Structure formats: C-alpha cells, structure tokens
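As the structure is a computational prediction, the values presented were derived from the model and not from experiment. Every chain is numbered from 1, with letters handed out A, B, ... down the list of sequences.
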Amino acid sequence: MSLPLLKNFPAIVNLVSPKSCQSSFVRQMHTTRLSSEKRETNPSAESKNPDDDSAKQVRVFVRKKRATKTVQAIVEATKPEILDQKPCSLPEIEDFAYGKQSSFSCSKVQPPANWEKVIEGIRKMRSSEAAPVDSMGCEKAGVSLPPKERRFAVLISSLLSSQTKDQVTHGAIQRLLQNDLLSAEAINKADEGAIKELIHPVGFYSRKASNMKKVAKICLDKYDGDIPSSLEELLELPGIGPKMAHLVMNVGWNNVQGICVDTHVHRICNRLGWVSRQGTKQRTSTPEQTRESLQLWLPKEEWVPINPLLVGFGQTVCTPLRPRCGICKISDYCPSAFKETPSPSSTPKKKRAFIE
DNA sequence: GTCCCGGGGA
DNA sequence: TCCCCAGGAC
C-alpha cells in the first residue's frame, strides 16, 4: 500500500536530533525509528517495503501513547490524519519537527464560518476603545536588559502578573529592579520577607514571594541562572501554569509553542462557538481544552495576536457578566449574542454564562 | 471543588 | 455590604 503522509515520516525524524529536541513526542519518534532500523539490518526482519515499515512505526507510536500531557493533544490531532492516510504539508511537519509548531493542522477540523470577519470586527472595536491590556504587559519587562536577564525578568513578570493589574505588576518589577533583585542569584540570596514587601500589593504576594525564591533556586541550579527553554520545564516551576508557560515561551524565547489562553480567550471562544470538546459539540470546560481545540484550526500567524485582541475585547465589550451585545459589531456572527441573562436579579441562584 | 489577596463594581 | 474576578496549587 502507498501512504502519502508516511513518506514524510522518516524526513521528520531525520530533521530532528533527540538531544536538541524539546518534545518527547519527537524523541519517541526517533527512538522508534532507530529500533526499526536495527530490525531492518536483521535478516529476519519481516518487511522490505519502507512505506509499510513507516506505517508500522507510526501505528506503534500512536498506540503506545507515550506522549507527555502537553503533547497528548498532538498525538490526538495527528492520529486521524496518519491513520486515514491523509497528507499533511511538509513545511508544517518540518515546523513541528523543529519545535516551531506544536501541532499539525488537521484537515478534518474546519475553521468556523466567518471567523475572519469576526476577528476583523473585533480589531475595529478594539482600535476605537482603549482597554487595560493595551497599557502594559510582561513583554515590556526588562526590554533594556541583556538577553538572559531579560528572560528572567519576563519569567518573574509573568509570575507576578496573574490576577494583578498590569500597572501594579509593572510597579513591583520596577521596585525589584531598583533593589537589584531581578536576577536568579539575587533573589536566591534575598530574604523572602523583603521580597514580599517589595512586590506588595501584587495579588497573592505572599505565595508569589515564596514561589519566586523557589523559581530562582531552580533557575540557578538547573539552568545556570537562565530560565527553562521548553514548555515542559517551565511547567515544572511553581506558580507557572499553562497560560504563563506559553506566554513565557512566546515573549521570553520568541518561540510560539501554543496559544496563550486565559479566562477571556476561553470565555469568548466558547461564546463564539469556536471551540468544542473533542469529538463533541459541547463547549470546553477548561482553558487547556480551549487551547487544544483552537489550535486545531486557527492559523499559526494568529496564535500570538489572538490573546491581546480577545483579552481587550473581553475587558471592554464581551465581559463575563452582562456582555455589551448592544454595542458589539459582531453580534450578527455570535451564536450567544443577547442570550445572556438580562440581569442577575432575575436569576439570583446561579450565574448562567450563556444559553446554548 | 477551595484557597490565596485585594481592587472594584452592584 | 457583599461578591465577583483572576491563574495556579492542591
């Protein structure tokens, strides 16, 4: 049998050396290939057809499901393509193999209707009304610093910025900088109480001061004072979850591994009907599910801009409670428009985000 | 699910 | 006055 996609499989593996690769998915592919090559030199090897062999490798790989939690989605997204023998484009696979891209686009997932008009409409609304997200962000952290220090500043800024106004985060970063407390060495040596005072009134400052000490020690011990350069390693840091890990990869390393999904992106994508739980039409229940679902169809060039776009839109128009559908220019395209409970007093028991 | 912490809106 | 909000840990 002839399998168009599987011809590319050895190419992927050849592009990537397991040492340099951050993804255990690709490392596993590599291992699978090596063990199959050994079998090929063995006279008792059952197959001489390279396509058959590739097919077997991929099937074995998919069946093993050795992927870590962060690449689980890739396996799931890739599986129907491989097993149905549908070709992917080679550039996309190469991007994946090099780690520039964390999934293939799956040809079975059709983008939602009118998504480009929706994005364009939101851009227009956003340009006419300033939103808090526009003022400051962690991407501004330490712009004047050398690369390693800048990356560390980005990491700390992300750590501090959750549940905190950007101005407050920025102030805390400035105070840390003025006190020479924005490097792994300095924070590792510093007194936790002093850090606590400096970062106050950042939200959850007490927990964050403790996390900063732990993160600084890990960065010093394992990364020579730099920050981890892969998603998996960033996620091991205390206080860094999926949202911040993607942000740090984008801003710190300029390496887009995935969409940075926060509560605004999560809420708005569901209101628009842009995402769904795998194999269903139900809305997603966590930002992680939203990220995986959105990445299946949203073109890569939108992965970074989608976050500030929807966060600003969510702060000013598509608010969690009482979204302002009356002034929203894309309500014609929104299946949830005007379906929100009109006032909280009419349904005092539970908040209903929207009606299906 | 609950907690963390404080700002801010109803 | 109450209670909602936000990202992560557990």
- prompt: B/dT2 and C/dC3: how far apart are their C1' atoms, nearest whole angstrom?
  reply: 16 Å
message: Under 4.0 Å, heavy atoms only, any strand: does A/Pro287 hit a base, just the sugar-phosphate, or nothing?
response: nothing
query: How many Å lie between CD1 on A/Ile156 and C1' on C/dG8, as a whole number?
result: 15 Å
query: What is the distance from CG of A/Asn307 to C1' of C/dA6, rounded to the nearest Å?
result: 14 Å
query: For A/Thr263 and C/dA6, is the shortest distance between a side-chain N/O and OP1 or OP2 below 4.0 Å?
result: yes
query: With sequence neighbours left out, what residues match A/Tyr333 under ring-ring contact (aromatic ring centres under 6.0 Å, His included)?
result: none
- line: Of the candidates C/dC4, C/dA6, C/dG8, the side chain of A/Lys243 sits closest to C/dG8
message: Strictly below 4.0 Å, N to O, side chains only: are A/Lys217 and A/Glu192 in salt-bridge contact?
response: no
- request: State which of C/dA6, C/dG7, C/dG8 makes the closest approach to the side chain of A/Pro242.
  value: C/dG8
Value in whole Å for how far the C1' atom of C/dG7 lies from CZ of A/Arg291: 15 Å
- request: Could you check whether A/Phe204 and the base of B/dC4 form a stacked pair, meaning centres closer than 5.5 Å and planes differing by less than 30°?
  value: yes
message: I'd like to know whether CD of A/Gln174 has more than 12 heavy-atom contacts from other residues, nucleotides or ligands below 6.0 angstrom.
response: yes
field: Nucleotide nearest A/Ser206 when distance is taken to its side chain, options C/dC4, B/dC5, C/dA6
entry: B/dC5
- prompt: Does A/Ser162 have any side chain to side chain donor-acceptor pair (under 3.5 Å) partners at least two apart in sequence or in another chain, and if so, which?
  reply: none
query: Can you check the A/His200 NE2 to B/dC5 P distance for me, whole Å?
result: 10 Å
message: Between C/dA6 and B/dA10, how many Å separate the two P atoms, rounded to a whole number?
response: 15 Å
task: May I have the distance from A/Leu234 (atom CG) to C/dG8 (atom P), rounded to whole angstrom?
output: 12 Å
query: If you look at every strand shown and take non-hydrogen atoms under 4.0 Å, does A/Asp262 touch a base, only sugar-phosphate, or nothing?
result: sugar-phosphate
message: For A/Lys196, is there an ion pair with A/Asp191 - N to carboxylate O distance below 4.0 angstrom?
response: no
query: Tell me: CZ of A/Arg267 to P of C/dC4, nearest whole Å?
result: 15 Å
statement: Taken to the nearest whole Å, CG/A/Leu159 to C1'/B/dC4 is 14 Å
- line: Among C/dC4, B/dC4, C/dA6, the one nearest any side-chain atom of A/Arg207 is B/dC4
query: When the distance from NE2 of A/His266 to P of C/dG8 is rounded to whole Å, what number comes out?
result: 13 Å
task: Check every strand shown and say whether A/Leu237 touches a base, only sugar-phosphate, or nothing at a heavy-atom separation below 4.0 Å.
output: sugar-phosphate
